[in-house]
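So the structure is just underneath, and the comments pick up after that.
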Amino acid sequence: MSKILKSLGVFLCFLGVAINHAYAQGVTVHVAPGTPGKFTELGQRPQMGWNTWNTFACGINEKLIRDAADALVASGMRDAGYIYLNIDDCWQGERDAQGFIHADPQRFPSGIKALADYVHAKGLKIGIYSDVGDKTCGGKPGSRGHEYQDAMTYASWGVDYLKYDWCNTEGLSAKGGYTTMRDALRAAARPILFSICEWGDNKPWEWAADVGHSWRTTGDIYPCWDCEFNHGDWSQWGVLPILDKQQGLRKYAGPGHWNDMDMLEVGKGMTEDEDKAHFSIWAMMNSPLIAGNDVRSMSAATRKILTNRGVIAVNQDERGVQAWRFSNDGQLEMYAKPLANGGWALMFLNRANQARAYRFDWGSHSISDRLSNSSVDFGQTRYRFTELWTGETGDTAKPYAMTVPAHGVVMLHLQAK
Ligand code: GLA
């Protein structure tokens, strides 16, 4: 790095420390007159990609990243939309005498810039991870007091995405910490998607629409249908508990600022029906779709689920309206999501341990949503539909007899005739 860049970094680093202190004390600081905030052109659709954490945790190295990039291309995941290849915690080595962060020299000897070049040459984008505190959750150096310097370093490496965690932040203001990094990213002048990973502790949905492109709404996911994995002072959550924690949050999400239900556990040990349901729920709720399985060795069934174009299109729909539960019959729940061009997605979710036969009588249902100003009266308008997992087609003229698998879904895409 040139001397000029280094001195600029040191200056920005001091500026960052000052701003961080000011925010922690609840003072509003304007970085520079006219600073325009986050990169609003990013995140217009929920981001899609792959992340190292769910399968590899801290066991990562540069060969894994290259192999994952190759696999994202060869498996068709890139072409299905999984563009971001995100390196999670534990890529970091030490800071140097000037405070610049470096990748772990043993596991990333070529450095992140070389990896970014490799990933970009594959038609992918690269993501990295840091933390508001002085240490990450994995005990590596965090960005506290180095925000501007780190943002500049990431930009100089060609990074496109930052996941920013919330460990070791006792006494800090979440809004302050995340806003400091937002401003640092803007000052570094490379459009970097900013993924807030604060687990919902400080209600980021209330303050982060102008700060990041998505915010985690819950603690970490665990590959199970309906469980809590209690670690003592924190828990991981299965698919249904995470869904249930989204109550009341849909009004906060939309293009450029999404509720993030955490990375996908598809292909990580749940049944195929559970994986399909998990993927469908995340799609309906407009959560970012960040796969977390070992893409180098996934089964054909897992690949098929993750690359289901119809389900992905529901997630990526340009209106960006998050689904809501419009009805239920016992453990069978019905969700709706209005789409662009007058289409709708409907999801029938069976929470129960047994398959459920159900007859949906279109004529007796009308669905309306004040938030998105959308409504449909199936008694009035006729739709044709496709079931997005089986390809079965039908028409709303007569009741639809379906069997929803145990821990599974039926997911319909409807288009007016
Ligand atoms: C937190 C995050 C996870 C992961 C780990 C890394 O638990 O919520 O998604 O990034 O830290 O240490």
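Residues: numbered from 1 along the sequence shown. Here the structure is a predicted model, which means the values were calculated and not measured. We count ligands from 1, going down the list as the structure has it; atoms in each ligand are counted the same way.
Among residues at least two apart or in separate chains, disulfide (SG to SG under 2.5 Å) pairs with a member in residues 50-126 are Cys58-Cys90.
For ligand 1, the atoms closer than 4.0 angstrom to any heavy atom of Trp53 are 4 (C), 5 (C), 6 (C), 12 (O). Each of the following atoms of ligand 1 lies closer than 4.0 Å to a heavy atom of Trp199: 2 (C), 8 (O). Within ligand 1, counting atoms from 1 as listed, the ones closer than 4.0 Å to a heavy atom of Cys137 are 1 (C), 11 (O), 12 (O). The contact set between ligand 1 and Arg216, taken as ligand atoms under 4.0 Å from a residue heavy atom, comprises 8 (O), 9 (O). Here is the list of ligand 1 atoms found below 4.0 Å of a heavy atom in Met263: 9 (O). Of all atoms in ligand 1, listed by their number and element, those nearer than 4.0 Å to a heavy atom of Gly138 are 12 (O).
A ring-centre distance under 6.0 Å is found for Trp91 and Trp157. The distance between the ring centers of Phe229 and His231 falls below 6.0 angstrom.
Comparing Asp88, Asp220, Asn51 against atom 8 (O) of ligand 1, the shortest heavy-atom distance belongs to Asp220.
Considering backbone and side-chain N/O of Lys163, one or more are found under 3.5 Å from N/O of ligand 1. At a 3.5 angstrom cut-off on N or O pairs, Asp262 does not count as close to ligand 1.
Each of Asn86, Asn51, Thr136 was checked for a side chain to side chain contact (heavy atoms under 4.5 Å, CB included) with Tyr129, and the lone residue meeting it is Thr136.
Salt bridge annotation for Asp260-Lys163: absent, with no cationic side-chain nitrogen under 4.0 angstrom from a carboxylate oxygen.
Taking the six-membered ring where tryptophan is involved, the planes of His407 and Trp225 are essentially parallel, since the angle between them stays under 30° and well short of 60°.
Taking a 6.0 Å sphere around NZ of Lys125, one finds it holds 12 or fewer heavy atoms contributed by other residues, nucleotides or ligands. Shown here is Glu206, whose CD atom has more than 12 heavy atoms of other residues, nucleotides or ligands within 6.0 Å.
Here the closest non-hydrogen pair linking Gln47 and Ser214 is NE2-OG, 2.9 Å.
Using a non-hydrogen distance threshold of 4.0 Å, Trp234 does not register as a contact of ligand 1. Residue contact check for ligand 1: Tyr129 places a non-hydrogen atom closer than 4.0 Å to it.
Counting only heavy atoms of the protein, atom 12 (O) of ligand 1 lies nearest to Asp89 OD2, 2.8 Å.
Contact annotation for Asp165 and ligand 1: only side-chain heavy atoms (C-beta onward) come within less than 4.0 Å of the ligand. Of all the heavy atoms of Cys197, the ones lying under 4.0 Å from any atom of ligand 1 belong exclusively to the side chain.
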